[in-house]
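See structure below.
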Amino acid sequence: MMGTEDTPGGKASLHPQDLRPSVFHSIKFFVLCHSLLQLAQLMISGYLKSSISTVEKRFGLSSQTSGLLAAFNEVGNTALIVFVSYFGSRVHRPRLIGYGALLVTVAGVLMTVPHFISEPYRYDHTSPADLSQDFEASLCLPTRKAPAPAPALSNSSCSGSTEVQHLAVVGIMFTAQTLLGVGGVPIQPFGISYIDDFAHSSNSPLYLGILFAVTMMGPGMAYGLGGLMLRLYVDIDRMPAGGISLTSKDRWVGAWWLGFLISAGAVALAAIPYFFFPKEMPKEKHELRFRRKVLAVSDSPVSKGEDSPSEQSPGASPEKKDGLAQMAPDLTVIQFIKVFPRVLLRTLRHPIFLLVVLSQVCMSSMVAGMATFLPKFLERQFSVTASYANLLIGCLTIPLAILGIVAGGILVKRLRLGPMHCGILCLLGALLCLLLSTPLFFMGCSTHHIAGINHQPGAQPGLELFPGCMEPCSCPSDDFNPVCDSSARVEYLTPCHAGCTSRLVQEARDKSQVFYTNCSCVAGGGPVPAGSCESCSHLVLPFMILVSLGAAVASVTHTPSFMLILRGVKKEDKTLAVGIQFMLQRVLAWMPSPVIHGSAIDTTCVYWAQSCGRRAVCRYYDHDLLRNRFIGLQFFFKTGSLACFALILAILRQQEKEEGTKATMSSPGLQQQLLVSGPKKEPEESRV
């Protein structure tokens, strides 16, 4: 029979339904369900990052807009996370987690609505509906009459329903991303607190470790799912009767929306068990036996001597817990809002805490920018497909980053690192990460020559800039179907701009290759293959290996930096300190960083596509400028993190010297011994 120790708050519960064994009264089953839910939730949150370049291409968005879209996931989350963390004990936590997961599901489905309300993707806007899209549309046809009115007609039609539809699509995606953040608010804090409340104290760290280990696979699975979905054509649900003849990856748009449906379905399935868990469940039945063992160990002199100085400070005694975490359940919302700024300022006055948070903000800014735009960078810099770029990140970078986090935790635990040694480990990790990123500046190649386009970012070419050989062709200015003259390393916007008048398809076992012939702008008349000129694709693997090693080394600092926070503030402020840390990371890193990286990428564009008189997606970038600015931003944030860890180490050394001096002055016998022994005993003094 269940004793009073087995129920929350020490109250006995002898109802028959409580005596019957139920899987929903098992904390182990809750840990399993929560691991699967957080895995699915992180998968749907990270999926947009894996398909960001595809969404840009499909709806004509700039990188700044897509970065803002990715950042909107944090808006609703940041606004509510503090209140949820401190008032969660008053509500039915499992049920609220279930409602949050259902909201995440709705947001995921809402993200797919733009696909269904938009017209089918036309990768050649000038082709008539009854002709093959890739056939006569982009060819040089001198018999065309009056090509100029076509853009005017399309622009006039743009002023009506098309522009409204574009705004509706963008608005729906921003709303969905906001709801995605709001729905994720109760999932992690309520789940962690629920496990900590009803698991045995000795089992709680193990359960939380399992939870985080499973959860960390979510982003990797998001990139893997993106790699698989983007292999499928975007309109797979409404394919034309004759199929598609698109062979160029430059105009390929994958089924970005399908991944959101799959992820939303996984979240919905993972949410079902939460509506059957009780508001409070009994503690694990091994509590008394384990507690005796733990108390026996904790009463030993060895364990008493292992407490950190911050744990043994007078203000951290059990009788004097006046932190916000203890006060919150007794406060109203108004009282909480009044007392929060005072406790926040008190916490931010700790120099170690402030510097650690700043270093983590720099690291998070680097991670946010890399996670959002690294797939697009790989596509543009190394001429790889979106699916291949996602598979590289999901199978190489993220697993190594997870190993780095685990390695950092093992080093801290096995070596029993104190604050000073944690600071040294963080400094070494940040320094090595910075060194590994230096060669990335030189791993790439310059943009090949593109006929008629100035390599001046921001310059918009006109028809008069194109070669004279294609003037009789009356080529449309808004068409995009690149071809490459590999002998001269020159790329043309369309076969029409290369003066090509015919097309040839070579069928192979796995795929067909399209060539254009009779090209007046190409030496010998061609043939020229469809697609952009290949550039530096052989460097993508060395580049990704360096990026992944840098991510692994940077991840080693994750656990030691957390230990610096936990040991650098008062015991009663630890819960608040961790909450403030996450809040500042969201506000200062995860929200602005994608926008900053997207704006930097936009400044390197040399040719913008036009849609309804507005700037749409970028067709060509200056590769050298793109590489220098993208890697340069990463380098800047890594340098900031390194500087913060260096200052932390300097402050810790100063504090250690001051503590050593105080201990020396308070012990006359030890002071006399040190005077006799001289400066050689300095390590002993610092240890005291």
Side-chain angles (χ1 to χ4, degrees), residues 35 38 42 188-189 192 195-196 202-220 306-311 350 352-368 371 397-434 436 548-569 571 573-582 584-585 589-590 637-638 641-642 644-649 651-652:
S35 300
Q38 285 200 185
L42 277 184
Q188 186 171 13
I192 291 175
I195 292 171
D196 196 52
S202 64
N203 293 340
S204 179
L206 173 64
Y207 292 154
L208 294 179
I210 294 172
L211 175 67
F212 290 133
V214 175
T215 300
M216 283 190 294
M217 294 188 292
E306 289 179 358
D307 291 339
S308 62
S310 64
E311 299 276 354
H350 291 87
I352 299 293
F353 172 77
L354 191 59
L355 285 170
V356 172
V357 169
L358 286 177
S359 70
Q360 291 186 341
V361 164
C362 290
M363 280 291 183
S364 297
S365 299
M366 181 264 294
V367 172
T397 307
I398 292 182
L400 282 178
I402 293 173
L403 287 177
I405 295 176
V406 174
I410 291 174
L411 287 174
V412 171
K413 180 176 176 60
R414 294 291 183 187
L415 303 179
R416 297 185 179 181
L417 301 181
M420 175 65 74
H421 292 97
C422 282
I424 293 173
L425 181 59
C426 290
L427 184 68
L428 291 176
L431 179 61
L432 191 54
C433 178
L434 195 67
L436 285 170
S548 303
L549 289 176
V553 171
S555 300
V556 171
T557 66
H558 185 267
T559 302
S561 60
F562 260 112
M563 298 308 298
L564 287 172
I565 288 179
L566 295 176
R567 297 178 183 180
V569 298
K571 187 174 182 179
D573 289 340
K574 285 183 181 181
T575 305
L576 178 68
V578 175
I580 292 172
Q581 173 211 5
F582 282 119
L584 291 178
Q585 279 183 335
W590 289 100
F637 288 124
K638 292 173 185 177
S641 180
L642 179 66
C644 289
F645 283 130
L647 288 174
I648 289 169
L649 205 58
I651 293 175
L652 287 173

Evaluate the criterion side-chain contact (heavy atoms from CB on, under 4.5 Å) for residue pair Val214 and Gln38; output intermediate values, then yes/no. CA-CA 8 Å; Val214 175; Gln38 285 200 185; over 6 Å; no

First locate atom [atom1] of [X], then atom [atom2] of [Y], and finally report the distance between them rounded to the nearest 0.5 Å.
{"X": "Leu431", "Y": "Leu427", "atom1": "CG", "atom2": "CG", "value": "6.5 Å"}
{"X": "Leu647", "Y": "Ile352", "atom1": "CG", "atom2": "CD1", "value": "9.5 Å"}
{"X": "Leu428", "Y": "Cys433", "atom1": "CG", "atom2": "SG", "value": "12.5 Å"}
{"X": "Ser561", "Y": "Gln581", "atom1": "OG", "atom2": "CD", "value": "7.0 Å"}
{"X": "Leu425", "Y": "His421", "atom1": "CG", "atom2": "NE2", "value": "10.5 Å"}
{"X": "Leu436", "Y": "Ser548", "atom1": "CG", "atom2": "OG", "value": "10.5 Å"}

Specify the closest pair of heavy atoms between [X] and [Y], including all atoms of both residues, with the distance to one decimal.
{"X": "Met563", "Y": "Val412", "value": "CG-CG1, 3.9 Å"}
{"X": "Gln360", "Y": "Phe562", "value": "NE2-N, 4.1 Å"}
{"X": "Met216", "Y": "Ile402", "value": "O-CD1, 3.3 Å"}
{"X": "Leu649", "Y": "Gly423", "value": "CD1-C, 3.8 Å"}
{"X": "Val356", "Y": "Ile565", "value": "CG1-CG1, 3.5 Å"}
{"X": "Leu564", "Y": "Pro419", "value": "CD2-O, 3.4 Å"}

Does Val361 offer a backbone N or O that forms a donor-acceptor pair with the side chain of Ser364 under 3.5 Å?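 A pair under 3.5 Å: no.
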
Check: Met420 and Ile424 side chains under 4.5 Å, non-hydrogen atoms: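 Ile424 vs Met420: side chains touch.
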
Compare all side-chain heavy atoms of Ile192 with those of Phe212 and state whether any distance is below 4.5 angstrom.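 Result yes, sub-4.5 Å side-chain heavy-atom pair found.
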
Working for side-chain contact (heavy atoms from CB on, under 4.5 Å), residues Phe645 and Ile648: CA-CA 5 Å; Phe645 283 130; Ile648 289 169; 3.9 Å; yes

Sequence neighbours left out, cut at 3.5 Å: what donor-acceptor pairs do the side chains of residues 550-557 make with other protein atoms?
unit_1, atom_1, unit_2, atom_2, d
Ser555, OG, Ala401, O, 3.3
Ser555, OG, Ala551, O, 2.7
Thr557, OG1, Ala554, O, 2.6

